[in-house]
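Atoms within each ligand, like the ligands themselves, are counted from 1 in listed order.
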Amino acid sequence: MGEQGEHHADYAHFDGLQREEALQLLLDSYAALAADQDNWVCNLANASSLLWHAYRSLPLDVNWAGFYISRTENKQELLLGPFQGKVACQTIRAGSGVCGAAAQTKETQVVPDVNKFPGHIACDGETKSEIVVPILSDAGECLGVIDIDCLEYNGFGETDKKHLEELANLISRTCKF
Ligand code: SME
């Protein structure tokens with residue numbers, strides 16, 4: 001453990017922070033945890049916990065935070081990875097839903113109202129808005145996506161996009177997939 005405390009669980013303390021501060025702490029915490037670890041399951045398991053605790057500390061009803069990973073044997077399909085929240089769809093076909101769109105276009109998808117996104121996949125019918133950020137390799141290949149869902153409309157904006165894209169970069173640099 002670094003300066004933040006004696007226990008790994010201390011990394012989950014985000015209470016009282018503004019969104020920008022919470023997301024910056026999330027990035028710093030991920031970087032510290034991944035400094036000596038390159039296993040993607042291990043790093044994304046802790047990253048999903050950090051995402052969950054950071055977002056749940058805000059006045060925002062986030063109901064799902066986690067990852068879909070490009071299958072090594074079939075890059076066209078995304079497979080459910082580490083996450084926090086309710087049980088979710090296990091596979092997502094190429095180009096399907098918000099996750100598939102992010103993987104295919106390699107661009108972050110900020111969706112203020114999922115009902116208006118053609119082909120949105122409703123793993124949870126209560127979800128109202130969503131952000132999906134692609135994780136790209138140095139060669140520009142999509143390794144997977146970060147997906148965060150919210151029970152409110154307009155849950156995510158530029159601050160989330162900026163910090164989550166930074167997290168995607170960090171993940172790409174620190175994980176062996
Ligand atoms: N809504 C996503 C599917 C994943 S779940 O939200 C966890 C989509 O449309 O790709």
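The side-chain heavy atoms of L17 and S57, taken from C-beta on, include no pair separated by under 4.5 Å. Residues D147 and E130 meet the side-chain proximity criterion, which asks for heavy atoms closer than 4.5 Å. Residues Y11 and N46 form no side-chain contact, since every pair of their non-hydrogen atoms from C-beta on lies 4.5 Å or further apart.
Nearest protein heavy-atom contact of atom 8 (C) of ligand 1 is V98 N, 3.3 Å. Shortest contact from atom 6 (O) of ligand 1 to any protein heavy atom: D149 OD2, 2.7 Å. Shortest contact from atom 10 (O) of ligand 1 to any protein heavy atom: C99 N, 2.8 Å. From the protein, the heavy atom lying nearest to atom 3 (C) of ligand 1 is I121 O, 3.6 Å.
Listed by number with element, the atoms of ligand 1 under 4.0 Å from a non-hydrogen atom of D147 are 4 (C), 5 (S), 6 (O), 7 (C). Every atom of ligand 1 is numbered from 1 in the order shown, and the set under 4.0 Å from a heavy atom of W64 is 7 (C). Ligand-side atoms of ligand 1 in range of H120: 1 (N), 9 (O), range being under 4.0 angstrom from any heavy atom. Taking every non-hydrogen atom of C123 and a distance limit under 4.0 Å, the qualifying atoms of ligand 1 come out as 3 (C), 4 (C), 5 (S), 7 (C). Proximity to G97 (heavy-atom distance under 4.0 Å) selects the following atoms of ligand 1: 9 (O), 10 (O). With ligand atoms numbered from 1 in the order given, ligand 1 contributes 1 (N), 2 (C), 6 (O), 8 (C) to contacts under 4.0 Å with heavy atoms of E130.
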(request) Let me see the working for D149 and K128 under salt bridge (Lys or Arg N to Asp or Glu O under 4.0 Å), right down to the final yes or no. (result) CA-CA 8 Å; D149 296 351; K128 301 287 190 297; over 6 Å; no
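In this structure a side-chain-to-backbone donor-acceptor pair under 3.5 Å is present from S172 to L136.
Note on K161 versus E165: salt bridge recorded, some NZ/NE/NH1/NH2 to OD/OE distance being below 4.0 Å.
Taking hydrophobic clusters as Ile, Leu, Val, Met, Phe, Trp and Tyr residues chained together by side-chain heavy-atom distances below 4.5 Å, L27 shares a cluster with V62.
If you look at D124 next to ligand 1, there are no close heavy atoms at all, none under 4.0 Å. The side chain of Y68, and not its backbone, has at least one atom closer than 4.0 Å to an atom of ligand 1 (non-hydrogen atoms only; side chain from C-beta on).
Side chains of Q24 and D28: a donor on one and an acceptor on the other come within 3.5 Å.
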